[in-house]
Amino acid sequence: MNQSVFGRIRLGYIVIGSTRLDDWRRFGAEALGLHVDLPSGDLLAFRVDDWQRRIIVRQAADEDVIALGWQVDDEASLERLQARLRARGIETRGTTGKEAALRGVERFVAFTGPKRQTHELFTRPIRTDRPLAMLTSGFVTGASGLGHAAITSRRPEAMIGFWQDVFDARVSDHIDARIDGIGLDITFLRLNERHHSLAVAATRGLRMDPIRTKLQHFNLEVSSLNDLTNAYVRCRELGYRVALGVGQHTNDRELSFYVVTPSGFEIEIGWNPIRVTDEANWAPTTHKGISIWGHTPQDLSFGSKAQQFGRALASLGRPEFNPTANAGDGR
Ligand SMILES: [Fe+2]
């Protein structure tokens with residue numbers, strides 16, 4: 001039962017709850033350059049490859065990512081993960097039918113993870129041979145998955161420990177950063193050869209959470225440098241707010257920019273991150289600063305920064321849920 005699931009799991013789909021479906025359709029199709037399908041009036045489904053659905057936006061008041069779907073290689077690995085969750089007292093819920101179809105899978109198993117994020121595990125995506133109609137030449141998915149998710153946490157040790165214990169996540173490296181005068185420690189976790197499928201960011205010293213949404217951003221990897229620069233130009237021309245302009249990260253060397261979605265969290269469009277292909281010789285290091293160059297803040301107003309600061313202060317009085325911690329801590 002203790003066989004590792006490392007390399008057998010990857011980010012598969014993302015479910016977003018929003019009331020701004022018209023704007024999401026325009027943002028996804030015309031700015032990001034994704035293939036869009038409109039299965040019904042209260043649902044958008046974006047494709048980036050031969051999966052029927054990758055990013056699903058459903059009508060809901062959250063204005064947030066409401067679930068992350070993780071693809072697991074086989075039923076045995078899925079069983080192993082469920083057993084580990086159950087052993088920690090974490091309930092899992094198997095679902096088929098309409099809710100599974102909405103995600104483009106046959107069946108998924110949901111659980112509530114750290115920070116009350118909903119995670120869903122599945123083995124079989126529904127694929128399609130319908131041609132893609134998108135403004136991007138391609139997205140890199142395959143064995144390393146859809147991209148990555150970045151989360152702010154006031155209990156980073158508990159959150160990182162959860163992913164290491166249950167999902168056999170490995171620490172790729174750390175970044176020691178200073179953003180708007182606030183010290184940040186960011187830990188990058190990999191589940192396969194993608195440098196990171198998850199990044200956990202925490203303020204140094206007093207732990208604060210300045211972000212309203214459950215994810216700070218998620219990342220999509222485009223196939224070419226042209227795809228990256230064209231997406232950047234489209235986002236600017238269509239008037240979407242670019243949080244950080246084009247730059248290159250210190251650790252995974254990815255070229256990227258960050259744009260604010262209609263729901264308020266950000267999407268990072270990136271190109272050419274390094275992969276961890278030599279597990280035996282990889283040693284985690286700590287990088288200073290998130291960027292070698294660029295990633296200059298662009299369109300974020302003073303008001304939105306002040307709001308973030310207010311949220312950070314308010315978060316001090318709030319416990320952060322962790323499913324494996326003692327029951328009295330967290331709501
Ligand atoms: Fe990122």
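Just so you know, these numbers use all the heavy atoms, side chains as well, and skip hydrogens, waters and symmetry mates. Start at 1 and go down the list; that is how both ligands and their atoms are numbered. Predicted model, so just to flag it, every value in this text is computed and none were measured.
Summarising the geometry of Glu279 relative to Arg190, their closest heavy-atom pair is OE1-NH2, 2.7 Å, with the distance given to 0.1 Å.
Looking at heavy atoms from C-beta onward, Glu99 lies out of side-chain contact with Glu120 at the 4.5 angstrom threshold.
By the 30° and 60° cut-offs, the orientation of the rings of Phe257 relative to Tyr232 is perpendicular. Ring geometry for His196 versus His148: interplanar angle of 30 to 60°, hence tilted.
When ring centroids are compared, Phe6 and Phe167 stay outside the 6.0 Å threshold. Taking the six-membered ring for Trp, His119 and Trp163 have ring centres closer than 6.0 Å.
At a cut-off of 2.8 Å, measuring from the Fe ion (ligand 1), the protein N, O or S atoms that fall short of it are His148 NE2, His217 NE2, Glu268 OE1, waters left aside.
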